[in-house]
Amino acid sequence: MSPSGRSARDAGTASLSDIGPRLAVVSDSTKGTLLLVDGLSMAFRAFFGLPVENFATSTGVPTNAVYGFTTMLATLLKDNAPTHVAVAFDLPGGTFRTERLPSYKGTRDATPPEFEPQVPLIREMLDALGVVAVDRAGYEADDLLATYARRGREAGMEVLVVSGDRDTIQLVTETVTLLYPRKGVSDLVRFTPDAVEEKYGVRPQQYPDLAALVGETSDNLPGVPKVGPKTAAKWIAAYGGLEGILESADDVPGVAGANLREHVDQVRLNRELNHLLDDMDVEVPLEALEYRGADAAAIHQMCDSLQFRTLRDRLLPFVAGGAEAAPAPTTEEVVVTTDGAVAAIAALPGPVAVHVDGRAGADADAWAIGVAASSASAWGVDLSALDPAEERDLGAWLADASVPKVLHASKDAWHALQARGWDLEGVVGDTQIAAFLVNPDQRGFELEQIVQRHLGVTVDAGAAGDELDLGLGGGAGRTAGERAALVRALADVLDPMVEERGMGDLYRDLEVPLVAVLARMEHAGMAVDAATLAGLQDEARGRQDRAAEEAYAALDGDRVNLASPKQLQEVLFDRLGMPKTKKIKTGYSTDASSLAELNEKAPHPFLSALLAHRDAAKLAQIIETLAQAVRADGRIHTTFSQTVAATGRLSSKDPNLQNIPIRTPEGHRIREAFVVGAGFETLVTADYSQIEMRIMAHLSGDQGLIEAFAAGEDLHRFVGSRVFHVAPEDVSPEMRAQVKAMSYGLAYGLSSFGLARQLSLPVGAAQALMDDYFARFGAVRDYLRGVVERARDDGYTETIFGRRRYIPDLTSTNRQRREIAERMALNAPIQGSAADLIKRAMLGVERRLRDERLASRQVLQVHDELVVETAPGERDAVEAILRDEMHAAGDLSVPLEVNVGVGGDWRTAGH
DNA sequence: CCCTACCCGTT
DNA sequence: GACGTACGGGTAGGGG
């Protein structure tokens with residue numbers, strides 16, 4: 001509660017953003033600015049200022065305090081440009097104050113469990129930001145603040161103290177300003193001596209006297225009854241301070257005076273305890289607090305692991321030598337960071353003059369091409385500036401497979417060049433992919449980000465768009481040259497990292513060659529029957545509308561937005577009073593499984609109508625997205641990414657062709673709209689049979705599973721007969737379904753709880769099933785245990801082909817986080833090996849199609865399935881190639897079985 | 001226009 | 001108290 005009758009505004013408040021300029025002006029005339037922050041007190045403010053439920057990583061680590069604190073600090077750093085910074089922390093355990101008075105601060109509530117784990121994260125973040133954290137056992141952070149504030153003041157510095165503890169008011173002088181949080185951490189009240197006097201009626205150094213009389217609830221220090229800040233201030237003015245008051249205690253009139261006389265000891269104790277030590281013997285000298293800027297790699301790492309997105313951009317300006325802290329880097333700076341050479345960016349003197357020893361860094365988009373012959377020289381050329389002869393020469397250079405080139409996101413360059421009728425060959429490296437392999441769990445693989453991360457150089461993405469601006473000015477050609485130089489420098493750093501991690505072969509022989517395959521697939525696209533799509537669209541919208549009407553009718557005509565989970569919650573749980581479903585952040589879930597569950601417990605026509613509406617709306621939406629994506633050539637061209645899925649899978653977007661429905665009749669009909677294109681004969685699909693189980697059999701070496709696959713009979717029937725001790729022909733459909741769910745769940749780290757839920761079994765029965773399963777397939781259990789253990793020791797998992805995924809959370813002390821990491825560790829080698837296998841198969845298929853001079857082409861990959869569009873007369877050859885190459889993609893201890901289908905559309909081919 | 005939350009499609 | 005991997009993407013709703 002505010003002890004003042006005045007409004008806070010009277011005390012001279014300022015938002016963080018308007019504190020800056022004023023202080024910046026002042027600090028110009030001083031010997032620097034010292035920023036001192038009370039770490040825990042501000043972290044607490046941040047914690048309570050931001051709803052913890054809205055700030056957590058996907059693995060459930062709460063981050064609200066880290067986020068709020070870091071935001072606040074970033075704003076302070078930006079606005080005040082301090083020359084020196086320190087954040088002081090209280091340490092667990094007692095202090096000299098609790099020794100003196102064990103009940104000191106005794107009324108504080110227990111720390112919320114979500115807060116505690118964020119403290120080390122904040123300290124890590126400070127480390128990344130290059131800010132010194134100080135602490136001292138037996139003392140409070142405030143004592144450190146007081147000590148450093150005094151030293152800074154004596155050194156002639158401007159001092160800013162940021163604390164939510166009112167005791168720090170005593171530190172305020174003409175050159176020491178307190179920023180005290182009013183609300184949250186972004187609204188700080190600025191306490192100068194005048195502001196203190198205006199609010200409390202005393203000078204800052206007298207504030208402890210006032211607090212001793214009034215008491216401090218948060219420190220569990222009682223004051224004199226009936227004495228509030230007004231009375232205390234009046235007494236202090238009248239008697240010149242606490243000593244004067246106590247000397248004249250007998251003369252103080254009234255009830256308050258009597259109370260004072262009764263509480264003299266308490267007041268003296270209060271005063272003793274609220275005095276901050278400003279002459280501590282500190283380990284870290286003032287000079288060591290000098291702010292030298294942040295560490296880019298550490299910032300990236302923190303923002304990655306805490307899943308901060310917008311904050312990253314606000315922190316990077318603090319990177320030492322970063323864009324904000326220093327003039328825009330010149331080309332020299334770019335290359336100096338790698339090998340000391342100096343890049344000379346010049347207009348391309350003619351393509352023939354590009355002499356390349358070793359790999360060339362290259363960059364291309366629709367407007368320009370850049371070539372870096374080495375990290376010591378680069379050219380950039382604006383495509384519009386080329387004359388026909390130059391164009392021919394440059395085109396030949398790009399298409400020359402014997403000229404090794406390294407690019408960043410080379411698939412994009414491939415498309416840009418293709419659009420001009422140029423081929424890109426000889427790509428031996430792609431720094432985007434290299435960076436991904438080095439750590440696939442990071443996000444942000446744009447050139448700027450990778451350069452920042454691995455070269456430690458900040459490049460400005462520029463206001464206009466994606467172009468780099470290294471401060472050299474100039475047009476697209478120059479930019480491309482600069483990018484090429486960066487790529488060349490980056491390759492020198494990343495290549496050894498890839499090799500060190502044992503992924504050289506995977507990189508050179510699998511991922512990089514795959515780029516061209518994917519580029520051709522994207523370029524080819526998939527033909528679509530627009531009329532079929534349009535018909536489906538009408539149907540789905542019709543069903544959607546009817547279901548909506550039905551749903552409204554069930555609500556007596558109330559037209560609630562059926563797409564709004566929020567409104568649905570109101571209807572279901574408030575208005576209809578239905579039983580609560582599983583909890584989610586915003587209340588109770590209305591997802592399909594919850595609605596189905598509700599329909600069992602409390603059948604209502606609204607529920608079935610809602611489910612039907614969801615279904616139809618989703619379908620209509622998918623169809624609409626697809627219809628929109630059909631290009632002028634009547635085909636859909638997705639974009640595959642090799643640098644998104646941390647397991648090594650591909651991803652597909654714009655549109656995503658890897659999640660086209662299949663389970664329902666409507667899904668089938670959507671797939672029927674994907675057809676063979678004009679000039680081609682048919683679609684052939686080939687998919688791996690039970691690829692993940694086969695990989696598990698291989699990796700675990702389980703003789704039972706290996707035997708099952710060798711026998712070639714129905715896997716789940718075989719497994720079921722072993723688990724239930726019956727003959728294969730006596731495995732009931734229910735038994736088969738159970739072992740199937742069990743088998744598939746294994747690779748995902750399924751628990752008995754999850755298995756029980758999926759099979760609608762009691763947990764005990766699910767556990768018994770798991771026990772029976774492992775009794776017969778013990779090597780699988782041993783493998784799964786071992787893979788997690790090994791990953792914990794090594795820090796990473798590995799696929800059959802050496803692809804790594806680093807999983808640091810395996811050693812997390814946070815159980816939820818650790819268990820999520822364990823499931824990742826279980827799954828990554830299996831899913832990742834499957835991804836490796838089909839990628840190897842894709843390379844094989846592409847090679848065979850080329851070598852055998854076939855016109856058929858791969859058009860789609862869906863994780864364990866390949867789709868090829870076959871040219872007339874090539875159907876059988878393609879089928880054989882798919883079988884051969886997918887089969888031969890790996891040498892496992894079980895056969896890799898492939899199912900092939902043929903048809904005029906995707907659904908038909910898929911059966 | 002951007003962000004988060006929820007929901008849902010695939011493997 | 002949570003409780004199966006890996007994704008992309010649409011809509012709602014809140015905020016700038």
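In the text below, chain A, chain B and the rest are named by the order of the sequence lines, each starting its count at 1.
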query = Considering only the P atoms, how many Å lie between B/dC6 and C/dC3, rounded to the nearest integer?
reply = 13 Å
query = What distance, rounded to whole Å, do you find between the two C1' atoms, one in B/dT4 and one in C/dG4?
reply =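 Each nucleotide's C1' atom is 24 Å from the other's.
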task = Check whether the side chains of A/S593 and A/D591 place a donor and an acceptor atom closer than 3.5 Å, and report yes or no.
result =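 The answer is yes; a qualifying pair exists.
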query = Do A/T590 and A/R614 have side-chain N/O donor and acceptor atoms under 3.5 Å apart?
reply =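 There is such a pair between these side chains.
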remark   = Output for pair (A/H637 NE2, A/M521 CE), nearest 0.5 Å, gives 13.0 Å
Looking at [X], does any N or O in its side chain come under 4.0 Å of the phosphate oxygens OP1/OP2 on [N]?
X	N	value
A/S752	C/dC3	no
A/K582	C/dA2	no
A/S564	C/dG13	yes
A/N656	C/dC7	no

Classify the nucleic acid contact of [X] as base, sugar-phosphate or nothing, counting any heavy atom under 4.0 Å across all strands shown.
X	result
A/A592	sugar-phosphate
A/L826	nothing
A/Q831	base
A/R614	sugar-phosphate
A/Q758	base
A/R649	base
A/K585	sugar-phosphate

request  = Determine, step by step, whether A/Y748 and A/E692 satisfy the side chain to side chain contact (heavy atoms under 4.5 Å, CB included) criterion, reporting the C-alpha distance in whole Å, the side-chain angles of both residues, the deciding distance to 0.1 Å, and the verdict.
outcome  = CA-CA 10 Å; A/Y748 301 140; A/E692 296 196 338; 3.8 Å; yes
query = When you measure from the side chain of A/P661, which nucleotide among B/dC6, B/dG9, B/dT11 comes out closest?
reply = B/dG9
query = Nearest to the side chain of A/L750 - C/dG4, C/dG14, C/dA6?
reply =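 Of all the options, the side chain of A/L750 is nearest to C/dG4.
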message = Is the terminal nitrogen or CZ of A/R805 (NZ for Lys, CZ for Arg) located under 6.0 angstrom from the six-membered ring centre of A/Y796 and within 45° of that ring's axis?
response = no
